[in-house]
Asker: 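Below is the structure I would like to discuss, written out as structure tokens.
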Amino acid sequence: MTSSHRFVLSIVCAVLLVLLGTNANAAEYHWQGAGTGGNTATDPSYPTTQWDNPSNWWEGSVPNVASTTYIALTNRGYCNVMSGTGAQAQTVWVEVEGITPEGALHIGEGMDFQVEGKEVVANRATGKIVQTGGNHRVFCNSYANVYLGYTSGSSGTYELSGGEFTVESIYNYECRVHVGYYGTGTFLQTGGTHNIRNADYSGRGHLYVGHQQGSAGLYSLSGGDLIVDGTEYIGYYSAGEFVQTGGTNMADEIYLGRYEYSSGSYELAGDGSVSATKLIMAYASGTTASFSIAGSGSVSVSELTMAYDASSGFNATASFSIAGNGSVSVNELTMACDYYSSSNYTTAMFSLSESGSLTARQEVIGQEGRGTFNQSGGTHTVASIMTLGYESTAVGTYDLTGGLLNPSGMTLGLNGTGTCTQSGGTNSVAGELHLGHNSGGEGAYYLSEGTLNVGTSEYVGLRGNGTMTQTGGTHTVTERLCLGYDTGSHGTLIISGGSLVAGDLHVGRLGYAELSLSSGAYLEVTNTLTFGGNSRFFADAGSEIHMTGAAFENESTNGYELPGLGNLKMIFEGGSGVVDPFEAAAEDMMGAVGAGVFATANFLLDTLQLGGTAAGRIQLVDDFDNQADGIGVGEAVYVNTLIMNAGATIDLSGLNLYYLNGGDPKRFFCGDANLDGGVNVGDLGILAGDYGQTEGMVWAGGDFTGDGAVNVADMGVLAANYGATESAIPEPASAVLLLSGGVLAMFRRRKK
């Protein structure tokens with residue numbers, strides 16, 4: 001470097017120091033060793049590369065703690081801080097110019113290099129510090145920090161492969177490391193430890209990657225530890241990028257995209273790990289942020305906030321993806337936090353695939369803006385409630401195509417709109433599933449493939465509007481599935497394919513409800529099927545409901561609202577030890593059983609089948625005044641087809657059941673083996689023909705008690721009703737006396 005070059009550099013640096021408030025009385029030192037004047041030496045043992053060689057400094061002595069040191073390199077040479085020696089400075093400026101700007105300040109093994117002020121790597125061109133070992137400390141005061149790429153157009157690099165680089169505050173000041181201040185900054189860490197801390201004072205340490213507008217910053221971490229006791233800003237006013245393929249990154253807070261127009265991206269791969277109290281993505285309006293995990297990378301944070309602010313014309317946008325076997329553990333996940341207008345709102349998207357995992361205590365997908373979660377694989381666990389569509393303006397969407405979703409509870413549409421579309425995978429809700437939680441909330445679930453398990457209860461329209469549409473897959477509700485639970489709610493359940501098994505199915509409690517059933521679907525109720533007063537039921541011809549130990553409760557007063565009963569086969573198969581109550585809701589015509597009373601408006605049931613995979617037993621009850629006549633007249637049951645399979649029994653309890661079975665209207669009587677509408681000699685002949693059989697018997701063979709045998713108990717049932725027709729009911733006592741001898745005689749003749 002010529003004398004004129006040194007003079008110009010000194011003037012420029014002096015002006016900058018005055019502007020920045022640097023102590024103008026500090027002694028100045030200028031490097032003239034390797035990297036200047038054609039000297040390209042890099043070997044640390046070569047004298048012209050050594051910091052502690054006075055002849056390498058223009059001033060003829062080594063810098064001290066009060067000095068301002070300028071290391072201006074024009075070639076490939078190194079300024080080496082040697083092992084076993086000490087180096088000090090108040091301010092260090094590292095600059096490399098020329099066609100091959102590859103020179104650097106090198107801090108080696110065992111070295112203690114202390115800077116008590118400011119360190120600038122690249123003021124107007126390029127600059128580099130390479131640390132392979134030792135202990136490099138920068139103590140920051142009110143004006144001093146570390147800058148890589150200080151001014152616009154400059155480019156500064158720090159390479160850390162070993163040792164410890166510590167930047168800490170003095171007294172109450174906050175210390176800052178700027179990777180790209182106004183220019184371009186790059187921090188390459190392949191090992192060692194990088195500390196940014198407050199040194200037990202009240203200030204904190206911060207990392208800025210892409211600080212001022214127009215700057216660009218890159219932090220690459222492939223090994224070692226980055227420890228920041230304050231905040232990492234990846235994109236402060238500009239663009240920042242963090243690429244991690246190994247090592248650990250520990251901070252109090254991490255921002256990706258802090259102020260308007262900034263952007264921050266984080267790529268985590270390999271076996272790297274990240275831990276922080278808060279991870280905030282796209283904080284201000286107009287910001288964008290992305291975080292991606294691949295390999296076995298892991299993230300552990302207390303709060304993960306995605307897309308925080310929106311304003312007129314500017315929206316914050318954030319995306320997060322987990323692939324490979326990457327993992328995230330978070331206490332609270334909040335997506336899309338703000339809403340400004342119908343065209344200005346925050347948006348956030350989360351993607352989980354392959355064998356990745358996300359574990360959270362609670363989640364909000366769409367707090368005020370629009371949040372979307374896509375899961376095609378992996379495991380997603382929420383220890384508390386997962387909410388989609390939190391506020392009235394929010395829209396939350398979940399798309400499950402594969403993998404396992406395990407929320408403790410799930411709410412679609414708390415106050416806003418929440419939608420879950422499942423075409424694969426398994427959603428296992430340990431507690432309750434709510435669709436349309438509060439008044440104004442809109443919740444919808446679409447199940448076409450995969451498995452949906454609800455551990456306790458499912459409310460489709462709790463206090464708002466809910467819709468469950470199932471075209472395939474498996475849907476299980478352990479306890480209660482309720483449509484239209486509270487006043488003002490509206491719940492809709494559409495089943496056109498797949499299978500649904502519920503403990504209780506309550507269609508319309510205090511709200512309005514609709515159940516639509518197609519013949520291609522399987523619906524099973526294990527405890528109680530209830531049609532409430534505000535219910536509607538539609539069914540295709542051939543539709544079935546399997547009642548496996550379930551009571552049928554009908555609280556509707558309008559048969560026109562339940563036209564689906566006229567197309568429905570209701571199969572009771574709860575087993576021989578279960579008798580299911582069956583509500584008689586139709587108007588009993590008191591014996592006038594003309595075909596005209598077999599009408600949909602009279603709660604007509606197409607088919608009543610007793611016995612399927614297990615025995616079926618029912619007891620007619622009249623617990624509700626469905627005809628609303630207020631006089632307590634007994635009501636009846638009308639069915640097009642009555643099927644009595646193995647183990648079938650009907651306890652009429654003084655009520656009437658009428659059926660067609662392909663012919664004229666008939667009234668059901670116990671003992672009517674051939675279901676022709678009367679108990680007569682034909683039924684007696686059937687019973688006599690099978691009398692004494694001890695197993696495998698059915699109603700049509702004379703087993704009227706449903707125990708699989710034809711014996712004296714069945715004879716008693718027939719005798720008690722012998723002679724019964726629509727117009728004649730016998731006296732039980734006389735009928736028993738009449739038949740007992742005759743049946744026994746027939747039995748003796750049959751045995752001969």
Side-chain angles (χ1 to χ4, degrees), residues 515 517-525 529 531 537-548 550-552 554 559 562-574 579-589 591-620 635-652 655-679 682-683 686 698-704 706 724-726:
L515 171 61
L517 182 62
S518 296
S519 59
Y522 178 87
L523 174 58
E524 179 181 341
V525 181
L529 170 61
F531 288 106
F537 175 52
F538 305 93
D540 293 340
S543 298
E544 298 179 352
I545 297 181
H546 296 258
M547 308 286 283
T548 54
F552 176 47
N554 187 351
L562 306 181
L565 292 175
N567 288 325
L568 178 68
K569 176 188 283 189
M570 190 175 288
I571 304 171
F572 285 83
E573 46 191 345
V579 178
D580 297 316
F582 188 104
E583 178 69 24
E587 180 182 0
D588 194 334
M589 299 302 181
V593 291
V597 301
F598 285 81
T600 297
N602 203 26
F603 299 103
L604 173 68
L605 179 66
D606 181 63
T607 302
L608 173 60
Q609 177 179 318
L610 304 183
T613 57
R617 298 168 176 257
I618 65 171
Q619 179 186 35
L620 300 191
E635 294 165 346
V637 176
Y638 289 84
V639 301
N640 280 327
T641 303
L642 175 63
I643 300 174
M644 305 289 284
N645 287 332
T649 65
I650 299 178
D651 182 356
L652 292 171
L655 301 173
N656 291 322
L657 185 154
Y658 304 100
Y659 57 96
L660 295 176
N661 279 26
D664 294 331
K666 306 169 190 65
R667 180 178 172 185
F668 175 82
F669 296 101
C670 292
D672 183 5
N674 54 19
L675 297 179
D676 62 356
V679 182
D683 305 302
I686 293 172
V698 297
W699 181 274
D703 178 19
F704 306 128
T725 63
E726 179 56 33

Asker: Between Asp672 (side chain) and Gly677 (backbone), is there a donor-acceptor pair under 3.5 Å?
Answerer: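 Such a contact is found between Asp672 side chain and Gly677 backbone.
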Asker: Backbone N or O of Val637 within a donor-acceptor pair of the Glu635 side chain at under 3.5 Å?
Answerer: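 No, Glu635 side chain to Val637 backbone: no donor-acceptor pair under 3.5 Å.
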Asker: Could you state the interatomic distance from CG (Asp676) to OG1 (Thr725), rounded to the nearest 0.5 Å?
Answerer: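 Atom-to-atom, Asp676:CG and Thr725:OG1 are 10.5 Å apart.
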Asker: Nearest 0.5 Å, what's the CG-CG distance between Leu523 and Leu568?
Answerer: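 Result: 8.5 Å between the selected atoms.
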Asker: So which heavy atom on Asp664 is nearest to which on Lys666, and how close?
Answerer: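 Nearest heavy atoms, Asp664 then Lys666: O-NZ, 2.7 Å.
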Asker: Side chains of Asp683 and Phe669: does their closest heavy-atom pair fall under 4.5 Å?
Answerer: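 No, too far: nothing below the 4.5 Å cut-off.
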Asker: List for me each residue that meets ring-ring contact (aromatic ring centres under 6.0 Å, His included) alongside Phe704, sequence neighbours excluded, and say none if there are none.
Answerer: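 In terms of ring-ring contact (aromatic ring centres under 6.0 Å, His included), with neighbours along the sequence ignored, Phe704 is linked to Trp699.
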Asker: Only pairs at least two apart or in different chains count here, so list each side chain to side chain donor-acceptor pair (under 3.5 Å) that has a residue in residues 599-608.
Answerer: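 Passing the test, one end in residues 599-608: Asp606-Asn640.
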Asker: Can you check side chain to side chain contact (heavy atoms under 4.5 Å, CB included) on Val639 and Met570, steps first, answer last?
Answerer: CA-CA 10 Å; Val639 301; Met570 190 175 288; over 6 Å; no
Asker: Applying side-chain contact (heavy atoms from CB on, under 4.5 Å), name anything that partners Ile686, two or more places apart in sequence or on another chain.
Answerer: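 So Ile686 forms a side-chain contact (heavy atoms from CB on, under 4.5 Å) with Ala673, Asn674.
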Asker: Taking all non-hydrogen atoms of both residues into account, name the closest pair between Gln609 and Gly611 and its distance.
Answerer: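 Closest pair (atom of Gln609, atom of Gly611, distance): NE2-O, 2.9 Å.
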Asker: Only counting residues at least two apart or in another chain, list the ones meeting side-chain hydrogen bond (donor to acceptor under 3.5 Å, both in side chains) with Asp703.
Answerer: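 Here the qualifying residues are Thr705.
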Asker: How many angstroms lie between CG in Asn554 and CG in Leu562, if you round to the nearest 0.5 Å?
Answerer: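 These two atoms lie 6.0 Å from each other.
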Asker: Quick one: list whatever passes ring-ring contact (aromatic ring centres under 6.0 Å, His included) with Phe538, sequence neighbours left out.
Answerer: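 Scan of Phe538 (ring-ring contact (aromatic ring centres under 6.0 Å, His included), adjacent residues dropped) gives none.
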Asker: Please enumerate all residues that pass ring-ring contact (aromatic ring centres under 6.0 Å, His included) together with Phe537, with sequence neighbours excluded.
Answerer: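 Residues passing ring-ring contact (aromatic ring centres under 6.0 Å, His included) with Phe537: Phe531.
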Asker: Walk me through whether Leu652 and Leu657 qualify under side chain to side chain contact (heavy atoms under 4.5 Å, CB included).
Answerer: CA-CA 8 Å; Leu652 292 171; Leu657 185 154; 4.3 Å; yes
Asker: Hey, can you pull the donor-acceptor pairs under 3.5 Å for the side chains in residues 541-548, sequence neighbours left out?
Answerer:
| from | atom 1 | to | atom 2 | distance (Å) |
| --- | --- | --- | --- | --- |
| Ser543 | OG | Leu517 | O | 3.3 |
| Ser543 | OG | Ser519 | N | 3.4 |
| Ser543 | OG | Asp540 | N | 3.3 |
| Ser543 | OG | Asp540 | O | 2.7 |
| Glu544 | OE1 | His546 | NE2 | 3.1 |
| His546 | ND1 | Glu573 | OE2 | 2.5 |
| Thr548 | OG1 | Glu524 | OE2 | 2.9 |
| Thr548 | OG1 | Val525 | O | 3.4 |

Asker: Quick one: CZ on Phe668 to CD1 on Ile650, what's the gap to the nearest 0.5 Å?
Answerer: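 Nearest 0.5 Å value for the CZ-CD1 distance: 4.0 Å.
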Asker: Atom CD1 in Ile643, atom CG in Leu610: separation rounded to 0.5 Å?
Answerer: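 Separation between the atoms: 9.0 Å.
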Asker: For Ala636, what residues pass the side-chain contact (heavy atoms from CB on, under 4.5 Å) criterion, not counting sequence neighbours?
Answerer: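 Once residues adjacent in sequence are excluded, the partners of Ala636 under the side-chain contact (heavy atoms from CB on, under 4.5 Å) criterion are Asp588, Tyr638, Asn656, Tyr658.
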Asker: Got Leu660 and Pro665 here, is their nearest side-chain heavy-atom distance under 4.5 Å?
Answerer: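 Contact flag for Leu660/Pro665 side chains = yes.
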